[in-house]
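Structure first, commentary second.
Here the structure is a predicted model, which means the values were calculated and not measured.
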Amino acid sequence: MFGCLVAGRLVQAAPQQVAEDKFVFDLPDYENINHVVVFMLGTIPFPEGMGGSVYFCYPDQSGMAVWQLLGFVTNEKPSAIFKISGLKSGKGSQHPFGAMNLPQTPTVAQVGISVELLENLAQQTPVASAAVSSVDSFTEFTQKMLDNFYNFASSFAVTQAQMTPNPSEAFIPANVVLKW
């Protein structure tokens, strides 16, 4: 019913079913994972009025499981990309996996999917840093390129006292570039 994808790794299409309505994927070497994609395989849809909450679980320093809500998938939204790189130091949230005794090892994290009513999904608040940027890639590239240009240009900044007159060079005040 579900699949999980991490860049550079094989697709996981067989989650471990830990309860009638709960599934988990193991993520070995999770410290090197930035994003995870959770998707429906398209073979079995959710029952009418149901969807799946997606959680990320990692072991804290004492080995206890820390669960954080990433978001959800539904028949209308069958896939989602979640950023997990910033979550590894956050606090846990309320989750439906608490009563289960899922094995935790220091280098393995888990993605859990809990099948729930759509009304319940709408009331949940995912961890804000899990959402992937909604800015399109061209805009993001342009912003980063201009920041890089400004940093590069300002590395050549000199004060008026340090300037030596040179009629063949044009000087542009740094604040003009910053205003632009």
Side-chain angles (χ1 to χ4, degrees), residues 1-46 50-118 120-141 143-144 147:
M1 183 173 187
F2 303 109
C4 180
L5 176 66
V6 173
R9 300 185 184 184
L10 294 173
V11 173
Q12 294 185 46
Q16 177 186 357
Q17 189 169 2
V18 294
E20 183 180 339
D21 59 347
K22 295 179 182 34
F23 305 85
V24 294
F25 292 99
D26 287 337
L27 300 177
D29 193 26
Y30 73 95
E31 287 98 355
N32 296 318
I33 299 173
N34 292 320
H35 295 83
V36 64
V37 179
V38 176
F39 57 93
M40 296 178 63
L41 297 174
T43 54
I44 304 171
F46 283 110
M50 302 294 278
S53 293
V54 179
Y55 293 86
F56 175 64
C57 174
Y58 66 95
D60 67 7
Q61 292 176 347
S62 64
M64 297 300 294
V66 177
W67 289 90
Q68 295 176 321
L69 178 65
L70 300 178
F72 62 90
V73 291
T74 63
N75 290 334
E76 292 73 35
K77 183 186 169 225
S79 64
I81 302 172
F82 302 106
K83 181 179 179 181
I84 63 169
S85 58
L87 301 178
K88 297 160 192 151
S89 61
K91 293 185 178 185
S93 62
Q94 199 171 15
H95 61 86
F97 294 90
M100 295 175 203
N101 189 11
L102 299 175
Q104 291 294 311
T105 58
T107 60
V108 178
Q110 293 176 319
V111 169
I113 302 169
S114 175
V115 179
E116 301 174 15
L117 292 171
L118 290 176
N120 294 349
L121 296 179
Q123 296 173 6
Q124 297 174 347
T125 306
V127 174
S129 57
V132 176
S133 173
S134 61
V135 176
D136 68 63
S137 60
F138 180 73
T139 303
E140 187 175 359
F141 167 77
Q143 288 171 337
K144 288 183 179 183
D147 285 343

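Rounded to the nearest 0.5 angstrom, Arg9 CZ and Ile33 CD1 are separated by 4.0 Å. Rounded to the nearest 0.5 angstrom, Lys22 NZ and Gln16 CD are separated by 14.0 Å. Rounding to the nearest 0.5 angstrom, the gap separating the SG atom in Cys57 from the CD1 atom in Ile84 is 11.5 Å. From Phe25, atom CZ reaches atom CZ of Phe56 across 14.5 Å, with rounding to the nearest 0.5 Å. From Gln17, atom CD reaches atom CD1 of Ile113 across 11.5 Å, with rounding to the nearest 0.5 Å.
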Determine, stepwise, if the pair Gln68 / Tyr58 fulfils side chain to side chain contact (heavy atoms under 4.5 Å, CB included). CA-CA 9 Å; Gln68 295 176 321; Tyr58 66 95; 4.0 Å; yes

Between Leu27 and Gln12, is a side chain to side chain contact (heavy atoms under 4.5 Å, CB included) present by the stated rule, with each step listed? CA-CA 10 Å; Leu27 300 177; Gln12 294 185 46; 4.0 Å; yes

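Contact annotation: the side chain of Ser79 never approaches that of Val73 to less than 4.5 Å [non-hydrogen atoms, C-beta and beyond]. Within the 4.5 Å cutoff, the side chain of Glu20 has no heavy atoms near those of the Val115 side chain. Residues Leu69 and Pro126 form a side-chain contact, since some pair of their non-hydrogen atoms from C-beta on lies under 4.5 Å apart. A heavy-atom distance below 4.5 Å is found between the side chains of Met50 and Leu117. Trp67 is listed as a side-chain neighbour of Gln110, based on a closest heavy-atom distance under 4.5 Å.
By the ring-ring contact (aromatic ring centres under 6.0 Å, His included) test, Phe2 is found to be paired with Phe23, Phe46, residues two or more places apart in sequence or in another chain being considered. Qualifying side chain to side chain contact (heavy atoms under 4.5 Å, CB included) partners for Leu5, counting only residues two or more places apart in sequence or in other chains: Val11, Val37, Phe39. Checked against side-chain hydrogen bond (donor to acceptor under 3.5 Å, both in side chains), Asp29 has the following partners two or more places apart in sequence or in another chain: Asn32.
Shown here for Ile44 and Met1, the closest heavy-atom pair between the two residues is O-CG, 3.6 Å. The two atoms that bring Glu116 and Ser53 nearest to each other are OE1-OG, 3.3 Å, heavy atoms only. Heavy atoms only, all atoms of each residue included: Leu41 and Ala13 are closest at CD1-O, 3.9 Å.
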